[in-house]
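Reading through the structure tokens given below for one structure.
For the numbers below, each heavy atom of this structure counts, side chains included, while hydrogens, waters and symmetry mates do not. The first residue in the sequence is number 1, and the count goes up from there.
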Amino acid sequence: MYESLHENSSNFQLYIFAFDNITKEVLLQLDLDKVTVVSLEEFETDELKEVKKERSTGEYCWTCTPSVISYVIEKYNVPDCTYVDSDLFFYSDPSVLISELDEYKKNVLITEHRFSFFPRLYEEKRGGRFCVQFLTFKNEDSSLLILNKWRNQCINWCYARYEDGRFGDQKYLDEWPFIYKNIHILEHQGGGIAPWNLGNYRFSRAGDSIKGSLKRTGSEFNVIFYHFQYVKYLENGCYDIGWYFISGYLKDLFYGPYLKKIEHIEAKLQNSNLYYRRGFTNFKSTGLKYILKTGLKKVFGYNIMNFR
């Protein structure tokens, strides 16, 4: 995510929250341009430490989402802060997305899932209309009011289950456009391409960029970022890229270059003097019956990639 952002934008400062000491030490030694590393010790409050005891690692990360945004705004007094998931990859400058706030005179930007019509997406749709993947808060009273309320909600309840109209950190966003006047829902179709909405679009490569067009209208746009949700490195060297239907063409267009980029970065880290250990997922835990190790294969509803 960082390298793709650095290649496509010069006007940013990235604050990376390291939730373990190994990550902190590796990032500090890398000394990345335009990056500020924030350790858990700096950021974690007593309130967060208390709820951490009763939540899984994933649930605790979700719990902290509004808190990390609030921390950056308060600690560094930035005019605005955009939260980005670490599994995003940028193909163009994301400032065009944030500029919609000024265009519409709003101060909170949120992005929709834009689910394709597909019956198997029922469970995903229950998770909410909006995706906590890329969202912006301006340092203004009316937006901070929303941020603080969201922070308190996540501290009080943030679990990976559906309960009383809630799910994780993101189902809370569903009510925002109806109760707040300062919310802007991103219009640019290139912000938020993901496996759950690929069916809405057609894509083609244009040099180093990727062009998209909306099937129902034909309107064209530049892909700004893709959300590589769920990608898992398996112990046998393959990648599981999830359960959504993804054509061979789209695997070649999006996933092949992305995974090769990861491999390249991994190799640099492995060859450095940094203490770095690559993690992997046991393929038995993915629900796979077996793994085909050549080419791009779809096995029992799961996508497996091996391009070595």
Side-chain angles (χ1 to χ4, degrees), residues 1-12 14 80-118 121 124-125 127-138 170 173 176-177 183-231 241-242 244-261:
M1 187 277 289
Y2 163 75
E3 289 203 358
S4 68
L5 179 61
H6 197 273
E7 289 170 3
N8 288 283
S9 176
S10 59
N11 186 25
F12 74 91
L14 185 64
D80 57 75
C81 179
T82 299
Y83 168 85
V84 293
D85 272 350
S86 60
D87 54 359
L88 305 188
F89 190 87
F90 292 94
Y91 300 89
S92 189
D93 191 342
S95 63
V96 68
L97 308 180
I98 301 170
S99 67
E100 286 190 17
L101 281 177
D102 292 331
E103 181 181 350
Y104 287 91
K105 295 180 173 56
K106 308 289 186 178
N107 56 22
V108 178
L109 175 72
I110 55 178
T111 58
E112 294 178 287
H113 280 100
R114 300 176 183 145
F115 290 112
S116 304
F117 176 75
F118 192 60
L121 291 179
E124 283 83 347
K125 289 179 179 179
R129 174 184 174 188
F130 301 100
C131 182
V132 178
Q133 58 182 345
F134 185 101
L135 68 167
T136 301
F137 286 84
K138 288 198 171 187
Q170 69 182 22
L173 277 62
W176 290 5
I183 301 292
H184 176 67
I185 302 170
L186 182 70
E187 294 183 353
H188 196 302
Q189 293 293 313
I193 304 301
W196 50 78
N197 59 36
L198 289 174
N200 297 330
Y201 309 104
R202 296 183 180 88
F203 299 98
S204 61
R205 180 165 291 283
D208 293 331
S209 302
I210 296 179
K211 295 284 188 181
S213 64
L214 193 59
K215 286 181 179 178
R216 60 183 175 83
T217 65
S219 59
E220 297 183 340
F221 56 88
N222 287 326
V223 174
I224 306 300
F225 70 83
Y226 189 100
H227 190 163
F228 286 92
Q229 181 254 16
Y230 186 87
V231 172
I241 61 172
Y244 301 95
F245 172 75
I246 302 171
S247 70
Y249 173 74
L250 293 179
K251 288 177 183 175
D252 288 342
L253 186 64
F254 289 109
Y255 285 85
Y258 176 68
L259 297 179
K260 288 177 182 177
K261 186 76 168 178

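Contact annotation: the side chain of Met1 approaches that of Phe90 to within less than 4.5 Å [non-hydrogen atoms, C-beta and beyond]. The shortest side-chain heavy-atom distance between Tyr91 and Ser209 does not fall under the 4.5 Å cut-off. Here the side chains of Val108 and Leu135 are not in contact, with every heavy-atom distance at 4.5 Å or above. Taking the side chain as every heavy atom from C-beta outward, Leu101 and Asn107 never approach each other to under 4.5 Å.
A donor-acceptor contact shorter than 3.5 Å is absent between the side chain of Ser9 and the backbone of His6. The backbone N or O of Ile224 sits nowhere less than 3.5 Å from a side-chain atom of Ser92 that would complete a donor-acceptor pair. Gln170 contributes a side-chain N or O that, together with a main-chain N or O of Gly127, makes up a donor-acceptor pair within less than 3.5 Å. For Asn197 (side chain) and His113 (main-chain N/O), a donor-acceptor pair under 3.5 Å exists by modelled atom type. The backbone N or O of Arg114 sits less than 3.5 Å from a side-chain atom of Asn200, completing a donor-acceptor pair. Side chain of His184 to main chain of Ile110: no donor-acceptor pair is present (N/O by atom type, distance under 3.5 Å, no hydrogens or angles). The backbone N or O of Gly199 lies less than 3.5 Å from a partner atom in the side chain of Lys215, making a donor-acceptor pair.
Gln133 and Thr111 share a donor-acceptor pair across their side chains, judged by distance under 3.5 Å alone. Judged by distance alone, the side chains of His227 and Asp87 do bring a donor and an acceptor atom under 3.5 Å apart. A side-chain N or O of Glu187 and one of Tyr104 form a donor-acceptor pair less than 3.5 Å apart. At a cut-off of 3.5 Å, with distance as the only test, a side-chain donor of Asp93 or Ser95 sits close to an acceptor on the other residue.
Rounding to the nearest 0.5 angstrom, the gap separating the OG atom in Ser219 from the CD atom in Gln189 is 6.5 Å. Within the model, atoms CZ of Arg129 and CZ of Phe115 stand 11.5 Å from one another, a figure rounded to the nearest 0.5 Å. Distance check: Leu88 CG to Tyr258 OH gives 8.5 Å after rounding to the nearest 0.5 Å. Leu253 contributes atom CG, which lies 11.5 Å from atom CD1 of Ile246 (distance to the nearest 0.5 angstrom). Considering CZ of Phe137 and SG of Cys81, their distance stands at 9.0 Å, rounded to 0.5 Å. How far NZ of Lys251 is from OG of Ser247: 8.0 Å, rounded to the nearest 0.5 Å.
Using the six-membered ring where Trp is involved, Tyr2 and Phe12 have ring planes that are perpendicular, over 60° apart on the 30 and 60° scheme.
For the pair Val132 and Asp85, the tightest heavy-atom approach, listed with the atom from each and the gap, is O-OD2, 3.2 Å. The two residues Gly191 and Leu97 have their closest heavy-atom pair at CA-CD1, 4.0 Å. Summarising the geometry of Thr136 relative to Thr82, their closest heavy-atom pair is OG1-OG1, 2.7 Å, with the distance given to 0.1 Å.
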Would you please test Leu186 and Leu109 for side-chain contact (heavy atoms from CB on, under 4.5 Å) and show each step?
CA-CA 6 Å; Leu186 182 70; Leu109 175 72; 3.9 Å; yes
Run the numbers on Ile185 and Phe130 for side-chain contact (heavy atoms from CB on, under 4.5 Å), then give the verdict.
CA-CA 9 Å; Ile185 302 170; Phe130 301 100; 3.9 Å; yes
Full working for side-chain contact (heavy atoms from CB on, under 4.5 Å) between Lys211 and Asn222:
CA-CA 5 Å; Lys211 295 284 188 181; Asn222 287 326; 2.7 Å; yes
Which is it for Glu220 and Leu214 under the side-chain contact (heavy atoms from CB on, under 4.5 Å) test, yes or no, and what are the steps along the way?
CA-CA 7 Å; Glu220 297 183 340; Leu214 193 59; over 6 Å; no
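Comment: Glu3 engages Lys261 in a salt bridge, judged by a side-chain N to carboxylate O separation of less than 4.0 angstrom. Salt-bridge check for Asp102 with Lys138: passed, with a basic side-chain N closer than 4.0 Å to an acidic carboxylate O. A salt bridge does not link Glu100 with Lys105: every distance from a Lys NZ or Arg NE/NH1/NH2 to an Asp or Glu carboxylate oxygen is 4.0 Å or more.
With sequence neighbours excluded, the residues that form a ring-ring contact (aromatic ring centres under 6.0 Å, His included) with Phe203 are Tyr201, Phe254.
Note: Phe134 and Phe225 meet the aromatic proximity criterion, with ring centroids under 6.0 Å apart.
Tyr255 pairs in a ring-ring contact (aromatic ring centres under 6.0 Å, His included) with only one of the listed residues (Tyr244, Tyr226, Tyr249), which is Tyr226.
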